[in-house]
Amino acid sequence: MKKIVLASKNLDKVKEMRLVLKSLPIEILSLADFENFPDAVEDGATFEENALIKANFFREKTGLATLADDSGLEVDALGGKPGVHSARFAGYHADDKTNNQKLLDELKKIGVEESAAAYRCALAFVDTDGTKFLTEGKICGKIKIVARGTGGFGYDPYFYLDDGRTMAQLSVDEKNLISHRGAALKEMILKLRGKFS
Ligand code: IMP
(Lines give C-alpha, C1' and ligand atoms only; values in the text may rest on other atoms or scores of the structure.)
Protein backbone atom coordinates (compact mmCIF):
# COMPACT_ATOMS: atom_id res chain seq x y z
CA MET A 1 0.00 0.00 0.00
CA LYS A 2 1.24 3.52 -0.83
CA LYS A 3 2.77 5.31 2.16
CA ILE A 4 2.30 9.04 2.72
CA VAL A 5 3.99 10.98 5.50
CA LEU A 6 2.06 13.80 7.16
CA ALA A 7 4.85 16.30 7.67
CA SER A 8 3.72 18.15 10.76
CA LYS A 9 5.03 18.05 14.31
CA ASN A 10 1.69 19.49 15.49
CA LEU A 11 -0.21 16.45 16.79
CA ASP A 12 -3.56 18.29 16.67
CA LYS A 13 -3.13 18.99 12.96
CA VAL A 14 -2.08 15.38 12.30
CA LYS A 15 -5.23 14.19 14.14
CA GLU A 16 -7.46 16.45 12.01
CA MET A 17 -5.79 15.39 8.75
CA ARG A 18 -5.79 11.64 9.55
CA LEU A 19 -9.57 11.68 10.09
CA VAL A 20 -10.19 13.08 6.61
CA LEU A 21 -7.52 11.03 4.80
CA LYS A 22 -8.60 7.66 6.20
CA SER A 23 -11.03 7.25 3.26
CA LEU A 24 -8.03 6.81 0.89
CA PRO A 25 -6.29 3.47 0.18
CA ILE A 26 -2.98 4.71 1.63
CA GLU A 27 -0.94 4.07 4.76
CA ILE A 28 -0.59 7.30 6.70
CA LEU A 29 2.59 7.92 8.66
CA SER A 30 3.58 10.97 10.64
CA LEU A 31 6.94 12.42 11.65
CA ALA A 32 6.51 10.59 14.98
CA ASP A 33 7.23 7.37 13.03
CA PHE A 34 10.77 8.57 12.22
CA GLU A 35 13.89 9.74 14.00
CA ASN A 36 13.75 13.28 15.31
CA PHE A 37 14.33 15.34 12.14
CA PRO A 38 15.26 19.03 12.41
CA ASP A 39 12.61 21.61 11.48
CA ALA A 40 12.36 22.84 7.90
CA VAL A 41 13.33 26.50 7.50
CA GLU A 42 9.95 28.11 6.78
CA ASP A 43 11.16 31.32 5.18
CA GLY A 44 8.53 31.57 2.44
CA ALA A 45 6.42 34.72 2.09
CA THR A 46 3.16 32.79 1.65
CA PHE A 47 1.40 29.75 3.12
CA GLU A 48 1.81 28.01 -0.26
CA GLU A 49 5.58 28.58 -0.36
CA ASN A 50 6.02 27.32 3.20
CA ALA A 51 3.87 24.21 2.60
CA LEU A 52 6.04 23.35 -0.42
CA ILE A 53 9.26 24.00 1.51
CA LYS A 54 8.11 21.57 4.24
CA ALA A 55 6.86 18.92 1.79
CA ASN A 56 10.13 18.93 -0.19
CA PHE A 57 12.27 18.95 2.97
CA PHE A 58 10.55 15.97 4.62
CA ARG A 59 10.18 14.06 1.34
CA GLU A 60 13.94 14.18 1.11
CA LYS A 61 14.44 13.23 4.79
CA THR A 62 11.95 10.31 4.78
CA GLY A 63 12.39 9.14 1.17
CA LEU A 64 8.58 8.86 1.00
CA ALA A 65 5.71 10.82 -0.52
CA THR A 66 4.94 13.70 1.83
CA LEU A 67 1.95 15.91 2.57
CA ALA A 68 2.68 19.16 4.38
CA ASP A 69 0.40 21.88 5.69
CA ASP A 70 1.08 25.53 6.36
CA SER A 71 -1.66 27.53 7.93
CA GLY A 72 -2.39 30.53 10.04
CA LEU A 73 -4.64 33.31 11.16
CA GLU A 74 -5.10 36.67 9.42
CA VAL A 75 -6.69 39.42 11.51
CA ASP A 76 -8.01 42.42 9.55
CA ALA A 77 -7.48 44.94 12.38
CA LEU A 78 -3.83 43.85 12.57
CA GLY A 79 -3.25 44.25 8.83
CA GLY A 80 -3.34 40.48 8.24
CA LYS A 81 -1.04 39.54 11.13
CA PRO A 82 0.01 37.04 12.40
CA GLY A 83 -0.29 35.39 8.94
CA VAL A 84 2.64 33.13 8.05
CA HIS A 85 4.10 33.92 11.50
CA SER A 86 1.09 32.46 13.37
CA ALA A 87 3.01 29.60 14.99
CA ARG A 88 5.72 31.91 16.37
CA PHE A 89 3.74 35.13 16.88
CA ALA A 90 5.00 35.44 20.48
CA GLY A 91 8.60 34.56 19.58
CA TYR A 92 10.79 31.54 18.93
CA HIS A 93 9.60 29.49 21.94
CA ALA A 94 5.96 30.51 21.54
CA ASP A 95 3.12 28.13 22.36
CA ASP A 96 -0.66 28.47 22.03
CA LYS A 97 -0.93 30.29 25.37
CA THR A 98 1.74 32.92 24.66
CA ASN A 99 0.55 33.38 21.05
CA ASN A 100 -3.01 34.02 22.24
CA GLN A 101 -1.74 36.48 24.86
CA LYS A 102 0.24 38.31 22.15
CA LEU A 103 -2.92 38.45 19.99
CA LEU A 104 -4.90 39.99 22.88
CA ASP A 105 -2.06 42.45 23.63
CA GLU A 106 -1.86 43.59 19.99
CA LEU A 107 -5.64 44.13 19.84
CA LYS A 108 -5.60 45.97 23.18
CA LYS A 109 -2.83 48.27 21.93
CA ILE A 110 -5.11 49.53 19.14
CA GLY A 111 -8.28 49.48 21.29
CA VAL A 112 -10.05 46.75 19.29
CA GLU A 113 -12.26 44.11 20.96
CA GLU A 114 -13.36 42.28 17.83
CA SER A 115 -12.21 42.11 14.22
CA ALA A 116 -12.97 40.24 11.02
CA ALA A 117 -10.43 37.48 10.55
CA ALA A 118 -9.73 34.35 8.50
CA TYR A 119 -7.88 31.10 8.88
CA ARG A 120 -5.99 30.03 5.77
CA CYS A 121 -4.36 26.73 4.93
CA ALA A 122 -2.14 25.56 2.07
CA LEU A 123 -1.39 21.88 1.53
CA ALA A 124 1.49 20.60 -0.58
CA PHE A 125 1.92 16.99 -1.66
CA VAL A 126 5.25 15.92 -3.17
CA ASP A 127 5.74 12.35 -4.39
CA THR A 128 8.97 10.44 -4.96
CA ASP A 129 8.31 10.58 -8.73
CA GLY A 130 8.23 14.39 -8.62
CA THR A 131 4.41 14.76 -8.73
CA LYS A 132 3.33 17.94 -6.91
CA PHE A 133 -0.20 18.92 -5.84
CA LEU A 134 -1.06 22.22 -4.11
CA THR A 135 -4.46 23.04 -2.59
CA GLU A 136 -5.83 25.84 -0.42
CA GLY A 137 -8.67 26.48 2.00
CA LYS A 138 -10.01 29.48 3.90
CA ILE A 139 -12.66 30.17 6.52
CA CYS A 140 -13.81 33.65 7.49
CA GLY A 141 -14.92 34.56 10.99
CA LYS A 142 -14.22 37.02 13.79
CA ILE A 143 -11.61 37.31 16.47
CA LYS A 144 -13.03 38.46 19.82
CA ILE A 145 -11.08 39.05 23.02
CA VAL A 146 -13.27 36.64 25.05
CA ALA A 147 -12.19 32.96 24.93
CA ARG A 148 -14.76 30.17 24.64
CA GLY A 149 -14.38 26.39 24.42
CA THR A 150 -11.65 23.88 25.11
CA GLY A 151 -11.39 21.93 21.83
CA GLY A 152 -9.23 22.57 18.77
CA PHE A 153 -5.86 24.26 19.22
CA GLY A 154 -4.03 27.51 18.57
CA TYR A 155 -6.26 30.55 18.27
CA ASP A 156 -9.50 28.48 18.20
CA PRO A 157 -10.98 29.73 21.53
CA TYR A 158 -10.92 33.30 20.11
CA PHE A 159 -12.09 32.50 16.56
CA TYR A 160 -15.89 33.00 16.29
CA LEU A 161 -18.04 31.52 13.55
CA ASP A 162 -21.23 33.07 12.14
CA ASP A 163 -23.37 30.91 14.48
CA GLY A 164 -21.74 32.47 17.56
CA ARG A 165 -19.66 29.42 18.52
CA THR A 166 -15.89 29.44 18.52
CA MET A 167 -13.78 26.87 16.66
CA ALA A 168 -12.84 25.51 20.09
CA GLN A 169 -16.50 24.58 20.69
CA LEU A 170 -16.61 22.17 17.72
CA SER A 171 -15.76 18.47 17.64
CA VAL A 172 -12.88 17.47 15.33
CA ASP A 173 -15.42 16.15 12.78
CA GLU A 174 -17.46 19.38 12.90
CA LYS A 175 -14.30 21.46 12.53
CA ASN A 176 -13.11 19.44 9.52
CA LEU A 177 -16.44 19.97 7.76
CA ILE A 178 -16.03 23.75 7.68
CA SER A 179 -12.39 24.58 8.38
CA HIS A 180 -9.64 25.96 6.15
CA ARG A 181 -7.71 22.68 6.59
CA GLY A 182 -10.82 20.59 5.89
CA ALA A 183 -11.42 22.52 2.64
CA ALA A 184 -7.81 22.16 1.49
CA LEU A 185 -7.88 18.45 2.41
CA LYS A 186 -11.08 17.79 0.47
CA GLU A 187 -9.53 19.24 -2.67
CA MET A 188 -6.30 17.32 -2.02
CA ILE A 189 -8.20 14.04 -1.57
CA LEU A 190 -9.72 14.42 -5.04
CA LYS A 191 -6.23 14.79 -6.51
CA LEU A 192 -4.78 11.91 -4.47
CA ARG A 193 -7.72 9.65 -5.29
CA GLY A 194 -7.10 10.30 -8.99
CA LYS A 195 -3.50 9.17 -8.54
CA PHE A 196 -3.80 6.31 -6.03
CA SER A 197 -7.07 4.44 -6.67
P1 IMP B 1 2.40 26.07 10.96
O2 IMP B 1 2.56 24.78 11.72
O3 IMP B 1 3.66 26.76 10.64
O4 IMP B 1 1.50 25.90 9.76
O5 IMP B 1 1.66 27.05 11.96
C6 IMP B 1 0.30 27.16 12.02
C7 IMP B 1 -0.10 28.01 13.22
O8 IMP B 1 -1.26 28.75 12.83
C9 IMP B 1 -0.51 27.17 14.42
O10 IMP B 1 0.54 26.98 15.32
C11 IMP B 1 -1.63 27.99 15.02
O12 IMP B 1 -1.10 28.99 15.83
C13 IMP B 1 -2.27 28.65 13.78
N14 IMP B 1 -3.34 27.79 13.25
C15 IMP B 1 -3.36 27.14 12.05
N16 IMP B 1 -4.49 26.43 11.90
C17 IMP B 1 -5.19 26.63 13.04
C18 IMP B 1 -6.44 26.11 13.48
O19 IMP B 1 -7.12 25.31 12.84
N20 IMP B 1 -6.81 26.55 14.70
C21 IMP B 1 -6.09 27.41 15.45
N22 IMP B 1 -4.91 27.89 15.10
C23 IMP B 1 -4.46 27.50 13.88
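When a ligand or atom number is given, it counts from 1 through the structure's own listing order. The figures that follow rest on heavy atoms only: side chains count, while hydrogens, waters and symmetry mates do not.
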I'd like to know whether ligand 1 has [X] as a neighbour, heavy-atom separation below 4.0 Å.
X      : answer
Gly72  : yes
Glu16  : no
Lys54  : yes
His180 : yes

Counting distance only, does the side-chain N/O of [X] pair as donor-acceptor with the main-chain N or O of [Y] below 3.5 Å?
X      : Y      : result
Lys186 : Leu177 : yes
Asn176 : Asp173 : no
Thr46  : Gly44  : no
Lys54  : Ser8   : no

Given Tyr158, Phe159, Tyr155, which has its nearest heavy atom closest to atom 12 (O) of ligand 1?
Tyr155
Name the option, out of Asp70, Leu103, Asn99, that contains the heavy atom nearest to atom 3 (O) of ligand 1.
Asp70
Parallel, tilted or perpendicular: which fits the ring planes of Phe37 and Phe58, with parallel below 30° and perpendicular above 60°?
tilted
What is the nearest protein non-hydrogen atom to [atom], stated with its residue, atom name and distance?
atom                    : result
atom 16 (N) of ligand 1 : Arg181 NH2, 2.7 Å
atom 5 (O) of ligand 1  : Ala87 CB, 3.4 Å
atom 15 (C) of ligand 1 : Ser71 OG, 3.1 Å
atom 20 (N) of ligand 1 : Asp156 OD1, 2.7 Å
atom 14 (N) of ligand 1 : Phe153 CE1, 4.1 Å

Centre of Phe89's six-membered ring, under 6.0 Å away, within 45 degrees of the axis: is that where NZ or CZ of Lys102 sits?
yes
If you measure every N or O of Glu42 against every N or O of ligand 1, does any of those distances drop under 3.5 Å?
yes
N/O separation below 3.5 Å, Lys13 to ligand 1
yes
Residue that, paired with Asp156, satisfies salt bridge (Lys or Arg N to Asp or Glu O under 4.0 Å) out of Lys13, Lys175, Arg148
Lys175
Electrostatic pair Arg165:Glu174 at N-O distance under 4.0 angstrom
yes
Any salt bridge between Glu106 and Lys109, counting N to O under 4.0 Å?
yes
Within a distance under 4.0 Å of any heavy atom of Lys175, pick out the atoms of ligand 1 and give their elements.
18 (C), 19 (O), 20 (N)
Honestly, for Met167 the part within reach of ligand 1 (heavy atoms, under 4.0 Å) is neither
Within reach of ligand 1, part of Lys9 (heavy-atom separation under 4.0 Å)
neither
Take atom CG in Leu11; do more than 12 heavy atoms of anything else shown fall under 6.0 Å from it?
no
